[in-house]
> 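Here you go, one structure.
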Amino acid sequence: MSTLRRRLPPFIVSRCLSSRFSNSAHTLKDVPLSKRLRALIRSPDETNLEEGLVRQYATEHSQTEHSQNRSGLSPDSAALVLAAKEFLQKRQSRQSSHPHGNNNHASAQPPGPPHTSTPNKEHEPFLESERVLKSFINNLNNLDSPKKKKKKKKKKKQPPPQTQAPDTAYQSLDTLQNSVKEKPSGWGRDELQPNQETGEDTASTTFLDRSFAPHLPPEPTLSYSRRIEGLIEPTDRPTLLDVEPPSEQHPIARLSHGLDRVLFNPGVHWLQDPRSKVYNFPPYLESIPKVTDFAFERLGGFIKSSRDNDLWELARRENRTFAGSTSSLSGILSHLYFLLSRDKDVNTDNLSRHFGKEPRNFTLGQRMPASVLLNYRDGRYAIDSDSDKEQFADKNILTWMGTLLEKFLTSTPEEFAPYMRFNSPPPTAEKQLRDAYRYSKSEKMVMRSQLDCVDSRLPGTGVFDIKTRACVPIRMDLFNFDENSGYLIRSQTGKLESFEREYYDLIRSAFLKYSFQVRIGNMDGVIVAYHNTARLFGFQYISLQEMDEALFGNGKGVGNMVFDKCVTLLEKVLEEAAACFPGESVKCTFEKMEGEDVMNVWVQQEKPEVPKEVEKEDMGAWSPPTRQLEVRASSFLGQRPVRGSTAVGCVDEPWTVHWSISKLMSSDDDADAALADAKARQFRYIEIPTGLDPHTVEAMFAALNFGGEVQSEETRPTLPSHYFRLPGPRTQELRDISRAGGRETAQKMIEEEGRAKVWLGGIVEWEELQKVYGMLRREEEEAK
């Protein structure tokens with residue numbers, strides 16, 4: 001290889017060898033010099049790169065001496081031509097003195113000075129060639145660079161180089177190399193060139209010290225104090241196994257009013273057919289009893305996990321560390337699914353064109369951070385929903401409406417009447433029995449699920465859940481329920497006032513939670529009752545398979561795989577959260593934000609010990625220590641890594657999950673700030689109901705008491721004014737629709753007064769219907 005090719009930078013050589021200049025209609029002077037160089041390297045007429053290059057330039061530019069002329073060369077390129085001609089003359093003289101040729105000599109000659117201290121005339125042509133090559137290399141970088149036009153200056157003639165000893169000749173070669181580099185080339189001074197005198201690197205003083213490439217992110221540093229990881233591999237074992245309850249329970253309820261027909265006929269069943277006005281079910285179901293008239297205290301009531309002695313007993317008996325119910329676990333399982341699936345969208349292909357361009361992600365309410373309390377007792381933890389929200393549970397009409405309608409749909413009017421406040425209570429049973437629950441166990445947990453209803457004709461256990469679904473304005477504008485109770489469902493499909501709208505919202509905001517609850521209870525599905533808090537519109541039975549297809553895809557068994565991996569990862573996360581403060585009850589908040597590939601868990605002591613150095617007046621500024629965990633997961637189908645959304649919908653290959661849990665080394669202040677942001681995302685503004693203003697809405701909120709418990713001024717929960725806001729345009733639109741529906745309903749009641757109702761079971765006379773209403777309403781309501 002020639003000296004020039006050896007001395008060219010590798011990237012220039014690779015570029016030069018990549019293509020060859022082909023002749024065209026353009027003259028050679030119009031072709032950039034870099035392309036000429038590529039042509040000369042591959043030239044078939046010249047085997048020697050240096051000699052061919054010099055001869056080509058000497059031939060083309062024999063008329064261009066000392067100035068920029070018709071060849072269009074820059075001053076540096078013109079100087080290159082002169083140097084090339086000079087090099088040709090020296091090469092010819094060397095060839096005449098060495099008849100065997102100079103190629104072998106040049107390649108055999110070492111780049112350094114000869115190991116002799118006496119001048120050797122035999123090396124003079126070679127040294128001059130090296131000088132010319134150095135000049136050529138340093139000018140090569142500027143062949144095609146644009147030059148600013150400068151005023152021509154006469155160059156001072158320099159004396160020809162004198163013959164020197166080899167040592168001093170190479171020293172002058174370095175000097176010449178530096179002088180060439182200092183010529184104005186448009187690039188400026190090379191700041192990375194080491195100092196020739198001191199040998200110091202000038203870059204360390206001229207530029208900032210960079211330990212990484214400026215276009216790449218910095219290398220990650222160790223940010224955690226503890227990290228564990230593992231694999232969740234495919235398995236054929238069941239995720240949950242049944243556990244026999246330690247106490248006797250009530251028998252599971254059954255549907256009344258002929259509603260069992262809904263279980264075996266897919267789709268929505270209208271309570272009253274909108275075309276023929278014939279009722280498919282008893283007409284008295286249409287009117288829902290008032291929530292404030294229902295005596296909730298006459299029912300058994302909900303028992304939290306930490307207060308369920310049977311659950312504690314089973315955890316000890318089965319040697320499990322954690323115990324929880326569907327209400328406290330479904331929120332955490334949802335965020336774990338978001339992590340595993342990488343925010344996989346839901347499937348709405350079975351809906352009409354009205355929802356073809358509507359969002360397919362989960363709603364903000366479904367993605368709200370989940371907060372729970374791990375209550376410690378004797379080495380075990382019972383999981384409750386966050387107690388911070390309990391003080392406002394009494395203000396949510398939908399919480400109480402669900403309990404009322406469950407009883408309403410599983411009882412005859414005579415059985416339901418004793419639970420109204422204005423009627424005598426039902427006779428007290430000799431033996432108080434617990435509500436029906438299913439208890440099950442996983443590897444490290446015991447779970448509890450309340451069983452609402454059963455029909456032995458359904459597959460599996462025949463058990464299903466009862467879900468009540470309020471219409472969209474009630475859910476979006478919760479505290480304006482009085483006015484919004486006029487909203488009507490008028491059609492099967494459509495963006496508003498339709499069953500399809502409610503089903504679309506179910507997919508995005510409730511199906512994931514329903515699917516986890518159904519699996520924990522070993523149920524077949526759920527029956528949904530659509531209402532507006534004052535009136536029932538229809539019923540629909542949704543099987544677990546139908547929910548799985550909307551959430552995960554059409555693959556058989558995909559939902560079971562998702563549930564197994566979520567439960568397994570949940571156990572790992574709970575162990576790490578409990579280990580943050582061993583032997584104590586802790587509060588945990590879980591959040592997987594949309595678009596991120598990590599789930600954060602914040603852990604705090606429930607009853608932290610206040611340091612002695614914190615004075616009483618500083619208690620308001622002090623906060624308990626906070627630990628933050630990061631949970632990550634990646635999916636594999638077989639041996640290849642895939643996105644979680646791809647793995648969720650695949651049943652042809654085994655799905656393996658690699659997980660890791662890291663305990664961050666962040667300060668308490670940073671963890672507190674991150675937790676405060678997550679808590680803020682749990683907050684939802686309350687839009688001021690119609691007829692109220694920011695000054696009167698606080699009193700209205702404080703007076704709400706659906707549960708019927710007596711509250712004093714001191715124990716009555718209140719909210720500050722900044723929790724409320726004026727309704728937006730979307731809310732105003734829904735309120736207008738609701739007001740119109742309310743006026744239509746009132747007019748319909750006037751027109752139908754005194755008329756008999758027709759339903760599939762026969763005709764119900766007006767008097768008979770009023771008799772039933774009399775058992776379910778107060779006298780003043782009847783008069784109204």
Side-chain angles (χ1 to χ4, degrees), residues 251-290 293-294 401-402 404-420 423 426 452-458 462-469 471 488-492 499 502 524-543 744-745 748-777 781-782:
I252 306 174
R254 294 179 178 271
L255 288 174
S256 294
H257 321 293
L259 290 172
D260 54 343
R261 296 201 312 270
V262 179
L263 305 177
F264 311 103
N265 293 279
V268 175
H269 294 253
W270 290 83
L271 178 60
Q272 182 187 26
D273 178 49
R275 185 182 65 85
S276 64
K277 308 302 182 184
V278 173
Y279 286 85
N280 291 305
F281 304 98
Y284 55 78
L285 284 179
E286 187 175 35
S287 180
I288 301 175
K290 291 181 68 69
D293 290 339
F294 189 79
M401 184 62 67
L404 183 152
L405 285 178
E406 285 179 17
K407 191 66 176 178
F408 189 53
L409 299 178
T410 56
S411 307
T412 63
E414 292 76 17
E415 294 170 340
F416 184 81
Y419 292 94
M420 303 303 292
N423 293 329
D452 291 342
C453 218
V454 65
D455 192 303
S456 59
R457 294 170 291 180
L458 286 174
V463 179
F464 58 94
D465 213 354
I466 297 177
K467 298 297 183 182
T468 58
R469 185 66 174 178
C471 296
L488 301 176
I489 291 183
R490 303 173 183 271
S491 62
Q492 188 78 29
F499 285 110
E502 308 307 325
D524 180 68
V526 298
I527 184 171
V528 180
Y530 298 100
H531 67 92
N532 64 3
T533 70
R535 176 180 175 182
L536 282 168
F537 296 106
F539 309 92
Q540 182 179 9
Y541 185 74
I542 304 173
S543 66
E744 182 177 332
T745 301
K748 177 184 174 183
M749 292 177 64
I750 295 174
E751 295 174 356
E752 293 181 352
E753 185 176 359
R755 296 181 183 177
K757 305 281 186 178
V758 180
W759 74 295
L760 294 182
I763 298 177
V764 180
E765 297 295 338
W766 175 259
E767 292 77 11
E768 184 181 352
L769 188 60
Q770 295 306 308
K771 182 179 178 181
V772 175
Y773 287 155
M775 294 187 294
L776 308 181
R777 298 177 181 172
E781 284 292 320
E782 281 296 304

> Evaluate the side-chain proximity of Leu536 to Phe281: yes if any heavy-atom separation is below 4.5 Å, no if none is.
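No; the side chains remain at least 4.5 Å from each other.
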> For Ser256 and Ser411, which heavy atoms make the closest approach, and how far apart are they?
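Nearest heavy atoms, Ser256 then Ser411: OG-N, 3.5 Å.
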> Pair Phe537, Leu271 - check side chain to side chain contact (heavy atoms under 4.5 Å, CB included), show working.
CA-CA 6 Å; Phe537 296 106; Leu271 178 60; 6.0 Å; no
> Can you confirm whether Leu263 sits close enough to Leu255 that some side-chain heavy atom of one is under 4.5 Å from a side-chain heavy atom of the other?
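Yes, side chains in contact.
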> Can you tell me how far apart CG (Asn423) and CE (Met775) are? Round to the nearest 0.5 Å.
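Going from CG on Asn423 over to CE on Met775, the span is 9.0 Å.
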> How long is the gap from CG on Asp465 to CG on Asp524, to the nearest 0.5 Å?
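Going from the CG atom of Asp465 to the CG atom of Asp524 covers 11.5 Å.
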> Might you point out which heavy atoms bring Met401 and Ile288 nearest each other, and give the distance in Å?
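In this case the closest contact between Met401 and Ile288 is SD-CG2, 3.9 Å.
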> Between Thr410 and Glu406, what is the shortest heavy-atom contact and its length?
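Smallest heavy-atom distance, with atoms named: OG1-O, 2.7 Å.
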> Looking at Lys277 and Glu752, is any side-chain nitrogen of the basic one under 4.0 Å from a carboxylate oxygen of the acidic one?
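Salt bridge absent between Glu752 and Lys277.
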> Report the residue from Glu502, Gln540, Arg469, Lys467 that forms a side-chain hydrogen bond (donor to acceptor under 3.5 Å, both in side chains) with Tyr530.
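Passing option: Gln540.
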> With under 30° as parallel and over 60° as perpendicular, where do the rings of Phe294 and Phe416 fit, or are they tilted in between?
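Ring orientation, 0 to 90° scale: parallel.
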> Whether the side chain of His257 engages the backbone of Phe408 through a donor-acceptor N/O pair (distance < 3.5 Å, no angle test) should be reported.
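Judged by distance alone, yes, a pair lies under 3.5 Å.
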> For the side chain of Asn532 and the backbone of Cys471, is there at least one donor-acceptor N/O pair under 3.5 Å apart?
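Checking the backbone N and O of Cys471 against the side chain of Asn532, no donor-acceptor pair under 3.5 Å is found.
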> To the nearest 0.5 Å, what is the distance between CD1 (Ile252) and CG (Asp455)?
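Nearest 0.5 Å value for the CD1-CG distance: 11.5 Å.
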> For Leu404 and Lys290, which heavy atoms make the closest approach, and how far apart are they?
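Looking at all heavy atoms of both residues, the shortest contact is CD1-O, 4.0 Å.
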> Taking Asn280 for its side chain and Trp270 for its backbone only, find out whether a donor-acceptor pair lies under 3.5 Å.
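Side chain of Asn280 to backbone of Trp270, a donor-acceptor pair under 3.5 Å: yes, one is there.
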> Looking only at non-hydrogen atoms, find the nearest pair between Asp452 and Ile466 and report the distance.
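Taking Asp452 first and Ile466 second, the nearest heavy atoms are OD2-N, 3.2 Å.
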> Applying the side chain to side chain contact (heavy atoms under 4.5 Å, CB included) test to Leu285, which of Ser287, Pro283, Pro282 qualifies?
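It is Pro282; the other options fail the test.
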> Looking at side-chain heavy atoms only, is the closest gap between Arg261 and His269 below 4.5 Å?
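No, side chains not in contact.
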> After noting the C-alpha distance and the side-chain angles of Tyr541 and Leu458, does the key distance pass the side chain to side chain contact (heavy atoms under 4.5 Å, CB included) rule?
CA-CA 11 Å; Tyr541 185 74; Leu458 286 174; 3.7 Å; yes
> Is there a side chain to side chain contact (heavy atoms under 4.5 Å, CB included) between Gln272 and Val278? Walk through the geometry before answering.
CA-CA 6 Å; Gln272 182 187 26; Val278 173; over 6 Å; no
> Can you name the nearest heavy-atom pair linking Thr745 to Arg535, along with the distance?
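For Thr745 and Arg535, the tightest heavy-atom pair comes out as OG1-NH1, 4.1 Å.
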> In Å, rounded to the nearest 0.5 Å, how long is the span from OH of Tyr284 to NZ of Lys771?
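It is 13.0 Å, given to the nearest 0.5 Å.
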